[in-house]
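Worksheet: the structure to be examined is printed underneath.
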Amino acid sequence: MPLHLPGHRVTRTAAALLLAAASMVTTLPGPAPVFALDPPRPLPGYTPAFVTEREPGVWYDCTWASAQMLLDKWTSGVTIVDRKRLRALSGDDDGGSNLTDVERAFAEIGFPLESSPFGSTSITWPKLLDRLSQGGGAILLGDYSRLPRVNGRWDRAFWSGERENDDHALYLDRYDPKTRRIFVMDPLAPAGWTGEWIRVSALKLFAWRTGGGRLWAALTPPALAGPFAGVDLGDPVATADASALRVSWPVEGMQEGWTYPGSSATAEFIPVSEADPIDPMDPIVAARPAVVPAAVRAFPADEFPPAPPDLSPTLVDGLLNASVPLPTTPGVYRVTVSLTDHRTGAPIATAGPLSLYVPGPRAASFDLPEHVSAEPGTLAAILIAVRNAGTESWLEPAPVPSVPPDLQPHRNTRLVGTWVAMPVAGFEETAGPDGIATPAVTTAPAPIDLGPLALEPGDGLVIEALVRMPTVAGSWRLIIDVVDDQVGSFALTGSAPGVVVVEVRAPVAGSNLH
């Protein structure tokens, strides 16, 4: 039984090849790499990228192509060292390699490889199948000509060779005990191949083994579930202050003894323009104004001014808290905040999209009833408290002596209510005869002018408005905004509007309500 794997010496012309060795990012010795788990372990369900040995000239890298896939499996794609670099690290340059060379290359980058029959362990078929069942990967050496004909299709001449000239290495990724098959990635296959299932009985004919049953094989450690396996995060709650957007997820389903392994937060901010209105179904988050006049400093001392954002999510009192800095430009943004495990890159949770308002110098705050219920077309009293929470006056500017009265600039600051129909249960969209869905409420009432607002910064006003309800029953939102003739809608410049949920319900037949 040969102990040294001389590699493939089968030559091919360049025109007959699929030139496919994929270009890979290389992790070289030096600073300690970031592993998928510490110590490095495969993650359940991860399959490495396929590596082919096919290239112009001699094909002799089956061992190193398999080794590259093994390392990829070991770290779930975090550490990739291409096959040629692995060969160089081993010191092998004679065109043939064995598992002792692979052990030496892996040791150079800090990975203690289990291999047999002359390595650090004894690998038998039961141990190999057990390790594959536990999510590990393996390299298996053997005689290519002993594989079934269908599995030797990638190189017929090599498959037809004599046993002393058909030495080969396969990468094994997983085992299905129900079918007694192993998922195999053969480096002789062309680039882009994804592997195939081969019977264990066929691989037993292929494999080299000693009289004691030890295989010529190498193994990764068994897989270990990711740091957040079994942990559930509840619905997020988002708030904002003058410096940061803060999102908190309740942590649920923790196993006893679980400790928070750390995570990373990223946020996508997409500016919203007048041509791209906000989705009324998006949650609204309003940041505090960056500059607040002294008359408005009503926040408790421990809340204002806000603390700087903590960019590393923290676990405090069962809440996983992430903070990301606000955009520096006032306006409206659609925001999505995502958490990932910083060691595996696996997604943990997402919040959004939500509508974030970052106010500028013109900002309003509102105190409104959360819910109003009325019959269609009736008048309903709605109490609206509005305050100038910005730094600029809403009063009319002083007249300019040299400008005619009809050309004088005016602010004309006013309160405006806009109706938005909400798609809720009982008022769903319906499909027309052409199959195109149309909303149950097709036409919203015209905007409502709720009166002028001449307020200095910090001043407020309470308005008791009689509002005509929509004539179509359904669930509505009444969006309260401040508008002037100079900047238009304050909401589009970053001042969060007020929202009143209005249920317009037709009277129950036979009731005495009027």
Side-chain angles (χ1 to χ4, degrees), residues 1-14 16-18 20-21 50-70 83-84 86-87 90 92-103 115-119 123-125 128 137-173 181-191 193 195-219:
M1 193 70 65
L3 306 182
H4 182 73
L5 186 64
H8 300 155
R9 302 295 185 178
V10 183
T11 60
R12 296 288 186 274
T13 61
L17 291 174
L18 294 174
F50 173 67
V51 180
T52 182
E53 63 172 311
R54 299 171 72 136
E55 60 183 22
V58 177
W59 298 349
Y60 64 96
D61 267 3
C62 59
T63 303
W64 296 109
S66 297
Q68 180 177 334
M69 289 187 275
L70 191 79
R83 57 192 175 96
K84 294 182 179 180
L86 285 171
R87 178 189 288 275
S90 76
D92 171 64
D93 58 6
D94 66 357
S97 303
N98 56 42
L99 293 178
T100 303
D101 298 314
V102 178
E103 268 203 57
S115 72
S116 83
F118 303 109
I123 302 173
T124 60
W125 271 109
L128 179 98
I139 299 172
L140 182 65
L141 308 189
D143 295 315
Y144 195 63
S145 64
R146 302 292 297 274
L147 285 172
R149 179 180 177 84
V150 66
N151 304 123
R153 66 191 179 280
W154 306 117
D155 190 329
R156 285 297 184 204
F158 185 55
W159 177 78
S160 302
E162 299 296 330
R163 290 186 61 188
E164 64 271 13
N165 194 33
D166 65 348
D167 303 338
H168 192 43
L170 298 173
Y171 169 73
L172 314 182
D173 190 64
R181 292 175 183 267
I182 294 175
F183 192 76
V184 178
M185 302 170 84
D186 183 351
L188 274 176
W193 188 63
E196 63 186 340
W197 292 94
I198 299 179
R199 298 188 313 275
V200 171
S201 57
L203 290 171
K204 284 186 175 181
L205 291 175
F206 162 83
W208 297 341
R209 58 185 179 275
T210 67
R214 289 175 293 171
L215 299 171
W216 268 257
L219 304 176

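What you see below is based on every heavy atom in this structure, not just the backbone, and it leaves out hydrogens, waters and symmetry mates.
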Original post:
Taking C-beta and beyond as the side chain, do Leu86 and Val102 meet within less than 4.5 Å on heavy atoms?
Top reply: no

**OP:** Compare all side-chain heavy atoms of Asn151 with those of Val184 and state whether any distance is below 4.5 angstrom.
**Re:** no

Original post:
Hey, are the side chains of Val150 and Glu196 touching, using non-hydrogen atoms and a 4.5 Å cut-off?
Top reply: no

**OP:** Measure the NE2-CG distance between His168 and Asp155 for me, rounded to the nearest 0.5 Å.
**Re:** 9.0 Å

Original post:
Just how far is it from atom CG of Leu172 to atom CG of Asp186, taken to the nearest 0.5 Å?
Top reply: 10.5 Å

**OP:** To the nearest 0.5 Å, tell me how far Leu70 CG sits from Trp64 CH2.
**Re:** 11.5 Å

**OP:** Name all residues meeting the salt bridge (charged side-chain N to carboxylate O under 4.0 Å, His left out) criterion together with Lys84; count only those two or more places apart in sequence or in a different chain, and write none if there are none.
**Re:** Glu55

Subject >> side-chain contact (heavy atoms from CB on, under 4.5 Å) involving Ala189 - partner list, sequence neighbours excluded >> reply: Phe50, Trp154, Trp193

Original post:
Just how far is it from atom OG1 of Thr63 to atom CZ of Arg87, taken to the nearest 0.5 Å?
Top reply: 7.5 Å

Subject >> Those residues that, when tested against Arg199, pass salt bridge (charged side-chain N to carboxylate O under 4.0 Å, His left out) (two or more places apart) >> reply: none

Original post:
From Leu99 CG over to Ser90 OG, what is the distance, rounded to the nearest 0.5 angstrom?
Top reply: 11.5 Å

Original post:
Who passes side-chain hydrogen bond (donor to acceptor under 3.5 Å, both in side chains) against Ser66, sequence neighbours left out?
Top reply: none

**OP:** List for me each residue that meets ring-ring contact (aromatic ring centres under 6.0 Å, His included) alongside Phe206, sequence neighbours excluded, and say none if there are none.
**Re:** none

**OP:** Measure from the side-chain N and O atoms of Arg149 to the backbone N and O of Trp159, and report whether any donor-acceptor pair falls under 3.5 Å.
**Re:** no

Subject >> Any side-chain heavy-atom pair of Ile139 and Trp216 under 4.5 Å >> reply: no

**OP:** State whether the side chain of Gln68 and the backbone N or O of Arg83 hold a donor-acceptor pair below 3.5 Å, judged by distance alone.
**Re:** yes

Original post:
What pair of heavy atoms forms the shortest contact from Thr100 to Asn98, and how long is it?
Top reply: N-OD1, 2.9 Å

Original post:
For the atom pair CE (Met185) and CG (Leu170), what is the distance rounded to the nearest 0.5 Å?
Top reply: 11.5 Å

Original post:
Looking at Pro117 and Thr210, what are the two nearest heavy atoms and their distance?
Top reply: CB-CG2, 3.8 Å

**OP:** List for me each residue that meets side-chain hydrogen bond (donor to acceptor under 3.5 Å, both in side chains) alongside Asp173, sequence neighbours excluded, and say none if there are none.
**Re:** Thr47, Lys73, Tyr171

**OP:** Step by step, work out the side chain to side chain donor-acceptor pair (under 3.5 Å) result for Asp143 and Trp208.
**Re:** CA-CA 7 Å; Asp143 295 315; Trp208 297 341; 3.0 Å; yes

Original post:
Would you say the side chain of Leu203 lies within less than 4.5 Å of the side chain of Trp125, judging by non-hydrogen atoms?
Top reply: yes

**OP:** Please confirm whether the backbone N or O of Leu188 pairs with a side-chain atom of Arg54, one donor and one acceptor, at under 3.5 Å?
**Re:** yes

Original post:
Any donor and acceptor pair, going by atom type alone, linking the side chain of Thr52 with main-chain N or O of Pro187 inside 3.5 Å?
Top reply: yes

Original post:
Do Ile198 and Ile182 come within less than 4.5 Å of each other through their side chains, counting heavy atoms only?
Top reply: no

Original post:
Is there side-chain contact between Cys62 and Tyr144, with at least one heavy-atom pair below 4.5 Å?
Top reply: no

